[in-house]
Amino acid sequence: MTKALYFALAFAAVCAGDNYQRSPCNAVHWTRVLEGKIIVEGRDAKPLDIESLFVREHDLPPNHRIIHAYDAEVADRRPDRLTIYVDRENIFLNAFCIDPASPMNISTPITQQPPPQSSSSPPRGLLDSDPLGVAIAVDTANAPADIRAGLGHIVQSHNVPYFVRQSESAAEWSVSFEHVGDVAAGTYEVRSTAAGAQLVVRYSRRIDAFRALGQILTAARTAELAAAGDASSESLKAPGFRIEETAQFETLALMIDCSRNGVLAVDSVCAMLRQMALMGYNMLQLYTEDTYRVEGEPFFGYLRGGYSQAELRAIDDYADALGIEVVPCIQTLGHLGQMLQWPRYAGLRDTNEVILSKLPETYALLERLIATVSAPLRSRRIHIGMDEAYGVGEGRFRALFGTHEGTAIFVEHLARVHELCKARGLRPMIWSDMLFCLAAKNNALYAYYDQSNNPAEAFSKVEGIPPDIDLVFWDYYHTLPEIYTRKIIQHRELGCDNPWVASAAWTWSRLWCYLPFSFESSRASLAAAKSPAGRVSSFMLTVWGDEGNECDFFSALPVMLYVANHAYTDRAEIDVGFMENSFAAICGGSLGDWMYACRIDEIPSLGDSPDMRSQLPSNMSKWILWEDPMLSFMSPQYDTLDLESHYTQIADRLLGCALTSAPGGRYPLNRLLRMPGLLARALSLKCHLRDNLVRPYRAGDRSALLQTAETRLRPLIEAHRELWLYHRSRWMRIYKPFGWETLELRYGGLMARLSTMYDRIIAYSLRQPCTSLRRSRAIGVTAGVRSRRPSASQDLPSTINAFGCDEDDDNGLWRKPAPLLPPDPDPLSSVYSSNGSGIGSLGEEDDSIIDSIPELDEDLHCIYENSYTSLLLDYARVTTPSRLG
């Protein structure tokens with residue numbers, strides 16, 4: 001389910017606002033005033049009149065801001081700002097104000113070193129090097145047969161060594177399990193015996209037994225924290241606690257995108273399954289558009305690393321041991337562009353992304369796909385997709401079958417695919433957005449979230465949706481439960497009494513999951529899904545990888561845990577301390593450090609001004625990374641901000657956390673913070689690079705320009721290389737190698753641009769041709785290489801850097817260029833220029849002296865005024881201002 005247009009549909013994320021009741025700008029009032037109005041500019045426009053079609057912009061509150069729904073801009077966090085969304089014709093869409101308070105304002109002690117202690121200070125946090133005070137002994141040999149294998153997987157592989165006694169002083173908790181019938185489905189109990197250190201888990205559903213073990217781990221961590229490192233504490237030796245939880249949903253599912261370059265390796269899926277089990281998820285869906293192998297279809301998922309039948313069977317077996325159902329999640333209408341691009345499937349195209357319905361050959365292929373993906377799995381459920389099938393019936397379908405109503409085409413196709421599923425005993429589910437978009441005759445995503453768009457009437461005119469098809473309502477953008485509740489009710493009016501609700505961890509189009517907004521949006525959807533009016537029995541968390549799957553999916557673990565903890569309580573909020581302890585015990589990470597990593601996508605505080613974090617989370621770290629370094633045409637968005645210090649601080653903390661994280665310590669997962677840490681270090685060198693080069697260049701100070709290139713640009717190239725190498729190693733560890741080529745081309749392109757930029761600045765600064773500098777490096781003159789002086793008469797430097805410059809001058813660096821070889825003549829030309837530059841008639845090389853750098857002569861202008869870095873941009877937008885024609 002692509003979010004490729006999310007940045008063009010920003011208003012969908014903030015319809016009806018966020019906590020607007022407390023906002024001084026009163027978005028409720030302005031929504032009523034502006035509904036159906038056209039906003040016009042100027043004082044001379046029509047006056048504000050509730051009966052008029054027009055509203056003057058002049059009559060809006062002083063701090064208002066107007067954003068077009070198709071812009072890349074997103075809202076800021078100023079509580080006094082009235083943000084208004086309009087369409088292309090300036091017709092009002094929505095308004096909101098915002099409270100900067102967040103439901104997950106998490107801050108934990110830094111785990112690298114202890115804070116100062118005083119007699120009155122509370123106990124310090126647990127450090128990575130602190131030994132574990134509790135050892136948990138799980139009686140796997142006598143455990144019930146239905147969970148024995150799964151317990152073995154967890155005990156053997158858990159990354160925080162609670163299941164290994166590290167010292168004789170550690171308290172030992174013994175854990176046993178009982179599968180009983182007097183405990184309601186979805187409820188489990190953990191009781192301690194009279195001795196205190198013997199814990200008994202009583203459960204009905206298998207997944208609840210594993211959830212209980214995760215809560216015992218959390219309790220051990222909590223007891224250690226309370227004991228403040230005192231291994232003799234009674235709270236450790238005889239915990240004497242009782243835990244009882246009831247699942248709020250029959251099904252708690254996790255869906256992972258395996259179609260946007262990254263196909264999780266089987267070992268990575270198993271690692272994720274262990275985490276899911278300890279949290280309480282009982283369903284996994286691997287989203288595979290074409291990334292599963294189909295016999296006789298070599299171009300289905302061609303060179304994409306699709307799962308084989310054996311791999312899917314192995315995943316299913318492993319998941320079943322942990323009480324988790326694996327459900328196939330595929331596409332049967334839209335999002336099939338990867339397959340349809342090949343000539344073999346040209347006859348099945350309606351559009352580039354949508355398969356051709358009505359055609360018998362289409363259903364023959366879909367039957368094979370459904371049979372193939374469901375065969376190795378135990379589940380009798382299947383997700384058949386059908387989301388964002390924009391343009392259905394408007395391509396080759398129209399040429400072959402004439403013009404038909406989109407709703408009718410969709411329902412007929414759904415019915416035929418439904419029959420294919422029934423024939424194999426499968427119960428299908430679909431994403432529900434197209435039902436709303438087709439009813440509104442609007443292919444834009446905001447038609448899905450329009451509160452006034454109820455498709456029940458439109459679908460009453462065609463044959464209804466089969467009652468045994470489940471609808472999955474997905475919304476990753478809103479932060480008010482009421483919005484979700486209204487949409488759940490509309491799904492029921494469509495005939496789906498018990499729809500699914502799907503939220504998301506914000507992993508797409510970025511390099512690290514943005515946790516704060518993931519918590520906020522998930523909190524709202526969970527509140528609606530648990531409320532009396534909106535109650536549903538199935539909830540899904542999705543993890544998407546759009547725009548190249550640059551993000552490490554394991555960075556979404558805190559969101560997974562937050563959703564799971566919500567799914568086992570009827571309370572509206574999750575205790576922050578409980579989240580911190582459960583993340584440390586179950587996942588092995590410091591939640592405070594992981595939250596801190598999200599600052600790579602937040603701008604630093606502007607003095608006393610409010611937090612400017614975007615309502616929809618900006619992906620500024622991504623677009624600053626990929627923007628062209630020489631043109632740097634996005635830099636005016638942040639030229640007033642000190643991003644260098646901002647990213648330097650982030651890099652120092654995260655890299656420190658990663659380096660001090662030990663495999664046998666308390667926070668082994670903190671090693672993953674190396675990725676955002678390396679990214680922050682590269683951004684600290686890149687963010688204001690062009691400005692630092694323009695100043696000496698325009699002042700004519702070649703020496704200062706050269707020094708800037710050497711002290712900023714050269715370290716940036718090294719930082720970028722280290723980021724690339726780490727990202728590559730991490731990719732090869734968790735994903736199949738297929739798909740990495742997409743990201744490596746991005747890294748390679750940026751490295752080439754940095755190299756070109758570097759060469760040209762050095763050549764300009766030294767008044768030397770680029771080709772001569774390049775040849776000097778090619779014959780072995782490298783950075784830091786010392787060369788013997790052949791004789792006193794030869795004027796050669798004793799230390800030569802990569803650019804042929806003397807580094808041994810006591811008066812400073814780069815004072816004297818090394819001698820260069822004469823340029824080679826063009827071997828393809830018999831005509832040489834009179835000055836001996838060797839420029840051939842074909843112009844293969846240009847050995848002329850660089851006397852200017854035109855890119856640095858150009859003035860830059862702010863593209864998105866007043867937006868700062870509150871922007872969601874994709875790779876293509878920031879790499880070049882040119883559009884390829």
Side-chain angles (χ1 to χ4, degrees), residues 131-183 185 187-221 223-224 236-245 266-267 269-282 313-326 378 582 585-588 663-664 668:
L132 298 178
V134 174
I136 299 174
V138 178
D139 186 5
T140 56
N142 296 312
D146 60 347
I147 63 171
R148 190 178 304 147
L151 288 174
H153 293 325
I154 291 174
V155 170
Q156 293 169 14
S157 304
H158 194 59
N159 62 348
V160 184
Y162 277 107
F163 300 115
V164 178
R165 189 161 189 172
Q166 293 185 311
S167 67
E168 291 300 323
S169 62
E172 183 172 297
W173 296 1
S174 298
V175 181
S176 60
F177 294 82
E178 295 180 3
H179 190 172
V180 296
D182 61 342
V183 174
T187 298
Y188 72 85
E189 301 173 349
V190 179
R191 298 178 179 175
S192 59
T193 62
Q198 176 69 42
L199 303 174
V200 180
V201 177
R202 305 177 74 247
Y203 70 95
S204 175
R205 298 189 310 171
R206 289 188 296 159
I207 190 59
D208 297 325
F210 297 108
R211 165 80 184 181
L213 183 57
Q215 295 311 293
I216 292 172
L217 289 169
T218 302
R221 160 84 182 191
E224 289 179 299
L236 295 181
K237 292 185 176 181
F241 58 78
R242 175 175 177 174
I243 303 173
E244 183 174 333
E245 286 187 318
V266 173
D267 285 347
V269 177
C270 293
M272 190 69 80
L273 285 166
R274 292 192 297 271
Q275 297 290 320
M276 292 172 60
L278 290 172
M279 295 177 190
Y281 288 85
N282 60 353
R313 191 172 295 110
I315 290 171
D316 192 58
D317 289 344
Y318 199 91
D320 183 67
L322 295 164
I324 298 173
E325 177 185 6
V326 179
R378 293 171 173 80
S582 58
I586 293 174
C587 302

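Just so we're clear, the structure is a prediction, and the values are computed from it rather than from any experiment. For the numbers below, each heavy atom of this structure counts, side chains included, while hydrogens, waters and symmetry mates do not.
- Looking at heavy atoms from C-beta onward, S192 lies out of side-chain contact with Q198 at the 4.5 angstrom threshold.
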Given the rule in the side-chain contact (heavy atoms from CB on, under 4.5 Å) test, do C587 and M279 qualify, once you have shown the distances and angles that lead to the verdict?
CA-CA 10 Å; C587 302; M279 295 177 190; 3.7 Å; yes
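- Between Y318 and V269 the shortest side-chain heavy-atom distance does not fall below 4.5 Å.
- Using modelled atom types, no side-chain atom of R191 and backbone atom of R242 make a donor-acceptor pair closer than 3.5 Å.
- Between A319 and V326, the closest heavy-atom pair is CB-CG2, 3.4 Å.
- Under a 3.5 Å cut-off, the side chain of N159 and the backbone N or O of P663 do not form any donor-acceptor pair.
- Ring-plane geometry between H158 and F163 is classed as perpendicular, the angle between the planes exceeding 60 degrees on a 0 to 90 degree scale with a lower cut at 30.
- A salt bridge is absent between E325 and R378: the closest approach of a Lys/Arg side-chain nitrogen to an acidic carboxylate oxygen does not fall below 4.0 angstrom.
- Here the CG atom belonging to D267 is positioned 10.0 Å from the OG atom belonging to S157, to the nearest 0.5 angstrom.
- The shortest distance between side-chain heavy atoms of S176 and E178 does not fall below 4.5 Å.
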Please determine whether side-chain contact (heavy atoms from CB on, under 4.5 Å) holds for the pair I216 and W173, giving the CA-CA distance in whole Å, both sets of side-chain angles, and the decisive distance to 0.1 Å.
CA-CA 9 Å; I216 292 172; W173 296 1; 4.2 Å; yes
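- Within the 4.5 Å cutoff, the side chain of F210 has no heavy atoms near those of the R274 side chain.
- Nearest heavy-atom pair, G664 versus P161, reported as atom, atom and distance to 0.1 Å: O-CG, 3.6 Å.
- Taking every heavy atom of both residues into account, I147 and A209 meet most closely at CD1-CB, 4.0 Å.
- To the nearest 0.5 Å, atoms CG (L278) and CG (L322) are separated by 8.5 Å.
- What you find for A321 and A149 is that their closest heavy atoms are CB-CB, 4.1 Å.
- Between Y162 and R221, the closest side-chain pair of non-hydrogen atoms falls below 4.5 Å.
- The main-chain N or O of G133 is found under 3.5 Å from a side-chain atom of E224 such that the two form a donor-acceptor pair.
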Verify side-chain contact (heavy atoms from CB on, under 4.5 Å) between R148 and N142, making sure each step is shown before the conclusion.
CA-CA 8 Å; R148 190 178 304 147; N142 296 312; over 6 Å; no
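- You'll find the side chain of Q215 stays beyond 4.5 Å of the side chain of V190, heavy atoms only.
- Under the side-chain contact (heavy atoms from CB on, under 4.5 Å) rule, V138 has a single partner from V201, I154, L213, L199, which is L213.
- The side-chain heavy atoms of I315 and R313, taken from C-beta on, include no pair separated by under 4.5 Å.
- Residue L151 holds its CG atom at 4.5 Å from CZ of F177, rounded to the nearest 0.5 Å.
- Using a distance-only test at 3.5 Å, with no hydrogens or angles considered, no donor-acceptor pair links the side chain of R206 to the main chain of I324.
- At distances below 3.5 Å, not a single donor-acceptor pair connects side-chain atoms of T187 with backbone N or O atoms of V183.
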Evaluate Y188 against R211 for side-chain contact (heavy atoms from CB on, under 4.5 Å), listing each step before the verdict.
CA-CA 9 Å; Y188 72 85; R211 165 80 184 181; 3.6 Å; yes
